[in-house]
4 protein chains.
Amino acid sequence: MNYIRESTGSEDLRTKRQHILDAAYVVFSRKGYHRATVDEIIALADTGKGTVYNYFVNKEQLFYTLIMEKSAPFEAALMQLVAAKEPALEKVEKAVKLFLHFFMENGDLWRVMMHEIRGLSCEKASGLKEGQKEKYQDWFNRTIGALAQILQDGIAQETIRDCDVTKSAYGLFSVILMMVFQKFVGDDISGMAHMTADIFLYGIAKK
Amino acid sequence: MNYIRESTGSEDLRTKRQHILDAAYVVFSRKGYHRATVDEIIALADTGKGTVYNYFVNKEQLFYTLIMEKSAPFEAALMQLVAAKEPALEKVEKAVKLFLHFFMENGDLWRVMMHEIRGLSCEKASGLKEGQKEKYQDWFNRTIGALAQILQDGIAQETIRDCDVTKSAYGLFSVILMMVFQKFVGDDISGMAHMTADIFLYGIAKK
Amino acid sequence: MNYIRESTGSEDLRTKRQHILDAAYVVFSRKGYHRATVDEIIALADTGKGTVYNYFVNKEQLFYTLIMEKSAPFEAALMQLVAAKEPALEKVEKAVKLFLHFFMENGDLWRVMMHEIRGLSCEKASGLKEGQKEKYQDWFNRTIGALAQILQDGIAQETIRDCDVTKSAYGLFSVILMMVFQKFVGDDISGMAHMTADIFLYGIAKK
Amino acid sequence: MNYIRESTGSEDLRTKRQHILDAAYVVFSRKGYHRATVDEIIALADTGKGTVYNYFVNKEQLFYTLIMEKSAPFEAALMQLVAAKEPALEKVEKAVKLFLHFFMENGDLWRVMMHEIRGLSCEKASGLKEGQKEKYQDWFNRTIGALAQILQDGIAQETIRDCDVTKSAYGLFSVILMMVFQKFVGDDISGMAHMTADIFLYGIAKK
DNA sequence: CATGAATGAGAGTTCATTCAT
DNA sequence: AATGAATGAACTCTCATTCAT
């Protein structure tokens, strides 16, 4: 296994593709989908323009691949948390922490993605073809569904009010996003997670 | 003479500029700032390309004008609410209702605007010039500031916990937005406002 | 005669047209033919856009009219000089003075005109239709022809060498133009005329 | 291998960029800066619109590049002449010949350039940005400065009158230009150079 | 006559994508 | 597989001209 990695060929093959993805991550995050240009990506990736189209069919699919590759480890961790045997209230805080970590790293890219998947109705209203958009929607169904599952467990455990878990999960999700985008989250992610979960769970009205 | 004005006159007097704004509203909302083209706007407004540039200096200022004209009545109502003499807890619910109404109408446009004002640092990271972005930011300072003021009043009235009112206001704002974007809000805006305010104030954990 | 002038109608009629010509003079001189816009002309003339097209068939004819109106008094004076009974050498200096005065006033406009009449061959190579261009060329034939006539008189009077009078006239003309454009001419137009005529007549080589 | 390069290689290597410059030369010369369109240039260059912008940042810089590339060999020859050890009077005639040759080839383009660098004061009075205009002015400072230097040498050698060399150089320059523009120069450039220098040096008045 | 809102042809420029090397 | 020169469709914006009032 080692000798394969050390052979320059395989090393470089993975590298070119990865360099492009890394560069695309930076440029898409900074500029958004439309203002990001392939020229800027290849400049940052230090590669040729044609190379991009060897690995990715077009700009759109490059973006999609980026999203999926960045998401995979986060999704894995989240699913693991859902499956864990723990009180739901504690899982909520841990989930918030996972989301905060993820968005602290990838928030800008996700903001771009979320902006692009709007306009589902019209054929060419978005840069994404009809089939692609559903794949992005699946991401929300999976991750926010995980949050909802935790809340559902809490209801079963009678530590959480009997509410609409999907709406609540989306609400929690949106608060996390806003905290990140407004740069309210500093180095103390754990503390922020605690505070966010606390307000979410117990409200801000005086008891 | 009056009835003549009302038949064709009033129709035509307000027409061109308003038609363009109406068309721009639809196209910007559906396509976002960059994918919206002047050609599509004029097709919808049933006017010539030059006419747009008679009324608006460029695409950006058309967008800005749109935002400000749509926002004005909402802002007025919000400020009136803040100034009213009422318990803060009730004001919160009324404010949520105002926001829900506003975003049910203009949510897509605001999503576009919010996407464009990101990337404040870089020069060309957004379609908006540096000076303009601050004007959009002011909108947030004003409206979310109003929410924060209501919460602050609640703290003074000892009906709301002593929390970071700005963060909390942003949190409430983001939840409202998400409810709208996820189409969780139907015809019963009042009911939704009640539910949202309830969860925000009292949390979802069982007491 | 006076009462006609004072009647507002006739006064204003002449005025509108003249205001437009005055404004056109300023704008064409400053911006050149293409960069001059009708909008800027009407702003300076304080009139409506349609009014321009009431008096002039289009931008091109406005320009042409301007040239001809500005030229008339100069041409008259020049023709008078040619016809005068005077030694040719003195006429040369006086003609130089006339040209200097004229171009000190209208040099920019003439530069613009001279630039526009190029590209005689191609149909649409210039902004001017084929027929129009010849009219401009006539101006040169008339005015430089006058200079040539003076030189020809000088040859007859044996005070000027037997040279190609047309070429020499164009040469003198070009020197005058250059003096004006390079702003080598100050308030002392007479002195400058003397110097220019002196070098033209006697050369700059040491005798 | 070499002959292959010479058949297609050398043709194609220099091709696109040079074709564009060649086409731009023709179109700018014929139409002037503003009436010249990129569409016409690419039609003549038989290339795509984007290709122009691969080689030149914009229309203005294409024009500037054209001017500089056309000027380089002429300037080199002129500077060599100035530095040569020869009587100034002979240098004058040789310089006139150089200028005649140059303007016989590039006169139309230079006329366009000269027209564009006017209106130095106003911001948008010309198609050229403020900083660029100075670069064009430098061309005059260099080339007419070279003429003036020759005249200055003549004064030192006591073969030329003590006159304002800069004004005189501009005068000579303008005469050359006019000869070319009026198509007074035919195939016998040497003869024309002799005549022009003769009149410039010794005047046209009878001794 | 005087007006100026409306117009659209046409300008310069950008950028995702292709393909010969 | 890697490249980047070549491309042209699509974009925003300008401005001379018209015409209903």
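Proteins get letters first, then strands, A, B, ... in listed order; numbering begins at 1 in each.
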Check the phosphate of dA2(E) against T47(C), side-chain N and O only, distance under 4.0 Å to OP1 or OP2. Yes or no?
no
Atom CZ of F56(D) and atom P of dA5(F) are separated, to the nearest Å, by 13 Å
Separation of atom CD1 in I42(C) from atom P in dA2(E), rounded to whole Å:
14 Å
Just the rounded figure in Å: distance from P of dC13(F) to CG of L62(B).
10 Å
Does the side chain of Y53(B) get closer than 4.0 angstrom to OP1 or OP2 of dC13(F) through an N or O atom?
yes
Describe the nucleic acid contact of T37(A) in one word from base, sugar-phosphate, nothing, applying a heavy-atom distance below 4.0 Å.
sugar-phosphate
Which of parallel (below 30°), tilted (30 to 60°) and perpendicular (above 60°) describes F63(B) and Y33(B)?
perpendicular
5′-ward residue of the pair D39(C)/G50(C) relative to DNA chain F:
D39(C)
What I want to check is whether the side chains of T65(B) and E69(B) have a donor and an acceptor closer together than 3.5 Å.
no
Which part of the nucleic acid, if any, lies within reach of K49(B) when heavy atoms closer than 4.0 Å are counted: base, sugar-phosphate only, or nothing?
base
Whether H115(C) and H115(D) hold their rings parallel, tilted or perpendicular, with breakpoints at 30° and 60°:
parallel
Would you say a side-chain N or O of K16(B) is under 4.0 Å from OP1 or OP2 of dA5(E)?
no
May I ask you to check whether Y136(C) and Y64(C) place their ring centers less than 6.0 Å from one another?
yes
Atom pair distance, as rounded to whole Å: NE2 in H19(D) and C1' in dA6(F)
14 Å
Take A36(A) and N54(C), find for each the nucleotide of DNA chain E with the closest heavy atom, and name the residue whose nucleotide sits nearer the 5' end.
N54(C)
I want to check one thing: is the phosphate of dT7(F), taken as OP1 and OP2, less than 4.0 Å away from some side-chain N or O of T51(D)?
yes
I20(C) atom CD1 is separated from dT17(F) atom P, nearest whole Å, by 14 Å
Pick the nucleotide of DNA chain F nearest each of V52(D) and V57(C); which residue has the one closer to the 5' end?
V52(D)
Separation of dA16(F) atom P from Q61(C) atom CD, nearest Å, is 15 Å
Can you tell me the pairing partner of dT21(E) across any strand shown, Watson-Crick or G-U wobble, with both distances under 3.5 angstrom?
dA2(F)
Find the distance F28(A):CZ to dA16(E):P and express it as a whole number of Å.
9 Å
When you measure from the side-chain N and O atoms of Y55(D) to the phosphate of dA6(F), is any distance below 4.0 Å, counting only OP1 and OP2?
yes
Are D39(B) and K49(B) ion-paired here, with the side-chain N under 4.0 Å from a carboxylate O?
yes
Tell me: CZ of F63(C) to P of dC15(F), nearest whole Å?
17 Å
